[in-house]
Amino acid sequence: MDLDLRTIVGSAERFAGRFGDEAVFVALCIRAGLLPVELPHRVAQILRAFERYGMLGGALATAAIRTGNRVGLIDELGELTYKQLDQRSNALANAWRERGLEPGEGVAILARNHRGFVDAAFAAAKCGARIVLLNTDFAGPQIREVAGREGTDLLVYDDEYSEMLEGVECRRGRFRAWTEGRRTDGPPPDSLEALIAESEDSAPPKPGVATKIIILTSGTTGTPKGAPRPEPRSLAPVGGLLSKVPFRARQTTELCAPMFHALGFAHAILGVALGSTLVVRRRFDPQAALDSLDRHRASAMIVVPVMLARMLDLGPEARADHDFSALRIIFVGGSQLGAELATRTMAAFGPVLYNLYGSTEVAYATIATPSDLEREPGSVGGVVRGAIVKILDDHGAEVPTGATGRIFVGNAVQFEGYTGGGTKEQIEGLMSSGDVGHLDERGLLFIDGRDDEMIVSGGENVFPGEIEELLAGHEAIAEAAAIGVSDERFGQRLRAFVVLRPGATLTEDEVKAYVRDNLARYKVPREVVFLDELPRNPTGKVLKRELAAT
């Protein structure tokens with residue numbers, strides 16, 4: 001009875017708190033220029049757009065209504081205004097509908113950062129599709145397995161991935177988002193550009209089904225898991241962010257993080273909602289990013305830590321004669337930033353660094369502001385408004401301030417459970433982040449490690465067991481083990497230990513190539529150590545603490 005009463009009271013408190021939060025979120029959105037005062041006829045148009053296409057599709061339509069002539073996207077092919085982006089996604093959605101795409105069917109996108117990704121994502125939203133964001137670093141076997149499991153009715157891909165897609169059947173068709181080379185007779189007939197050119201750009205009909213976003217994680221068994229997330233029905237995702245970070249409407253954002261990643265995708269949507277100009281490139285180049293910040297007078301840059309490190313590693317001369325005075329926000333997430341990189345960044349760019357802590361499953365938890373990082377550069381900041389973060393012991397009880405425990409998070413936009421079944425552990429509505437950490441007396445969160453063996457390298461999750469299993473299947477390898485070790489650039493890196501079969505020969509480069517051919521590139525060990533045997537305890541378990549000392 002006491003438990004029931006406690007649960008009821010807790011639910012009532014959360015409801016009251018959420019109602020108050022929503023009022024604050026509205027005020028924050030108004031301050032940021034996300035909810036400006038509009039003429040009555042525009043308000044009616046905006047409401048119709050959201051009613052027809054939901055939060056995602058409606059965001060682009062709204063940007064076209066409010067700031068149609070503003071440049072919305074700059075990529076390697078040039079500029080597109082918001083009106084053009086809206087019309088392109090309309091035409092593409094109409095073309096897909098004509099080819100039989102039904103609301104609720106799956107549209108998988110395997111594309112780098114360019115207009116084709118944006119066209120496909122918003123067209124799919126206007127069709128009410130399930131949008132499956134495929135990691136561009138996946139190897140062929142992973143792409144084929146995930147595409148089949150997630151239900152790919154229609155596939156959008158860049159030319160460079162054509163060979164990897166053999167065997168992927170798509171009943172509504174396969175369409176190229178980026179085509180290599182130039183043609184004098186127009187775009188190829190199986191390209192997005194051809195569909196857009198031949199279709200009507202009038203608003204497509206209301207799909208009647210809310211779109212759903214599926215972002216993939218790296219699974220413990222080697223198969224990436226699908227983490228579906230419904231469209232938000234609250235201002236919490238944006239309001240929580242704006243409570244910590246001063247994004248403003250109609251600015252310019254240098255979007256370096258890949259848009260298939262939760263960090264990049266979220267900021268692409270935020271940029272559209274704010275009517276800001278997004279600057280994107282297919283491949284990250286540190287000098288090109290610095291030059292672009294200067295050339296476009298960007299006010300915000302979205303990166304993962306390894307990108308930031310690569311820019312700083314170029315040295316002060318790479319930033320010489322560059323004007324970064326417009327840059328107010330460097331927003332970083334996806335993997336551990338670290339105190340050293342945080343300090344170097346603020347020394348180079350000033351107090352403009354914001355560090356997000358979250359995950360694909362729990363979304364956001366904390367954000368470290370420049371003042372947080374100046375005091376505690378190793379922290380991941382304070383809890384975002386609208387979120388709950390608790391540090392629990394193995395029995396689910398809160399630990400004292402300063403004590404290390406498992407991190408559990410609650411907010412309005414957690415994922416719904418993996419598409420293949422299962423979910424993250426939950427305790428009283430809070431979800432495990434998979435990390436262990438502690439809160440200090442000021443409420444700043446510190447990450448102390450993983451509660452499993454996961455390695456986060458360059459913003460991507462890697463499990464040693466996956467690499468161990470693959471290497472064990474090599475004809476020249478008798479046994480193998482893998483561990484994570486610290487790396488200043490990538491946060492962590494993978495070190496593999498290999499025992500060869502008698503008489504077999506294998507080089508470090510050959511081991512790396514074998515992994516690269518079968519798994520994503522970020523899972524390739526950066527070091528390979530050859531041993532005569534693996535250290536084991538009496539029961540046969542590999543002693544990884546001894547490997548770490550090797």
Side-chain angles (χ1 to χ4, degrees), residues 25-75 77-93 113-126 196 201-204 211 231-232 235 237-239 241-242 245-255 259 264-280 292-293 295-302 326-329 331:
F25 295 153
V26 169
L28 289 168
C29 289
I30 292 173
R31 184 178 69 178
L34 185 63
L35 299 175
V37 176
E38 294 284 3
L39 295 173
H41 73 282
R42 283 192 173 181
V43 172
Q45 291 175 325
I46 290 170
L47 291 177
R48 280 199 301 269
F50 282 116
E51 190 275 333
R52 176 177 285 186
Y53 302 126
M55 295 291 286
L56 183 54
L60 182 56
T62 296
I65 293 168
R66 291 172 51 191
T67 56
N69 293 325
R70 179 180 174 82
V71 174
L73 182 78
I74 302 173
D75 67 1
L77 295 179
E79 299 179 350
L80 289 170
T81 66
Y82 272 113
K83 181 179 180 180
Q84 290 172 318
L85 287 170
D86 188 46
Q87 291 172 335
R88 287 168 65 88
S89 65
N90 284 347
L92 188 55
N113 284 13
H114 56 76
R115 62 185 60 191
F117 186 109
V118 175
D119 291 334
F122 283 102
K126 290 179 178 179
I196 291 168
D201 62 12
S202 57
T211 195
E231 282 197 317
L235 288 173
V238 176
L241 183 64
L242 294 177
V245 191
F247 286 105
R248 294 293 181 265
R250 293 173 290 284
Q251 301 289 302
T252 298
T253 296
E254 188 80 19
L255 182 55
M259 288 190 285
F265 189 76
H267 279 277
I269 304 308
L270 176 64
V272 169
L274 288 169
S276 293
T277 300
L278 296 174
V279 182
V280 300
S292 183
L293 284 174
R295 183 169 63 256
H296 294 111
R297 300 285 294 162
S299 59
M301 177 172 64
I302 315 302
L327 185 63
R328 298 184 300 108
I329 300 165
F331 194 92

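Owing to the predicted nature of the structure, the values given are computational and were not obtained by experimental measurement. Residue numbers start at 1 and run along the sequence shown.
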So which atom in [X] and which in [Y] form the shortest heavy-atom distance, rounded to 0.1 Å?
X	Y	answer
Ser89	Leu60	OG-CD2, 3.5 Å
Leu56	Phe122	O-CE2, 3.3 Å
Phe50	Gly58	CE2-C, 3.6 Å
Val279	Ser292	CG1-OG, 3.5 Å
Val71	Tyr82	O-CE1, 4.3 Å
Val272	Ala63	O-CB, 3.6 Å

#### Entry: Side-chain touch Gln84/Leu73, heavy atoms, less than 4.5 angstrom
no
### Task
Check whether any side-chain heavy atom of Leu80 lies under 4.5 Å from a side-chain heavy atom of Arg88, and answer yes or no.
yes
### Task
Given side chain to side chain contact (heavy atoms under 4.5 Å, CB included), test Leu241 with Phe247 step by step and report yes or no.
CA-CA 9 Å; Leu241 183 64; Phe247 286 105; 4.0 Å; yes
Short question: side chain of [X], backbone of [Y] - any donor-acceptor pair under 3.5 Å?
X	Y	result
His296	Ala298	no
Asn113	Met259	yes
Ser299	Thr252	yes

### Query
Going by the salt bridge (Lys or Arg N to Asp or Glu O under 4.0 Å) test, which pairs reach into residues 46-74, not counting sequence neighbours?
Glu38-Arg66, Glu51-Lys206
### Message
Applying side chain to side chain donor-acceptor pair (under 3.5 Å), can you list everything that pairs with Arg115, at least two apart in sequence or on another chain?
### Response
Asp75
At what distance, to the nearest 0.5 angstrom, does [atom1] of [X] lie from [atom2] of [Y]?
X	Y	atom1	atom2	answer
Leu47	Thr62	CG	OG1	8.5 Å
Leu85	Leu278	CG	CG	9.0 Å
Leu92	Asp201	CG	CG	12.0 Å
Met301	Ile329	CE	CD1	11.5 Å

Holding to side chain to side chain contact (heavy atoms under 4.5 Å, CB included), I want the full list of residues that pass it with [X], two or more places apart in sequence or in another chain.
X	result
Leu28	Val24, Phe25, Arg31, Leu242, Ser243
Ala61	Ala49, Asp86
Ala93	Ala123, Lys126, Cys127, Pro204
Ala249	Leu274

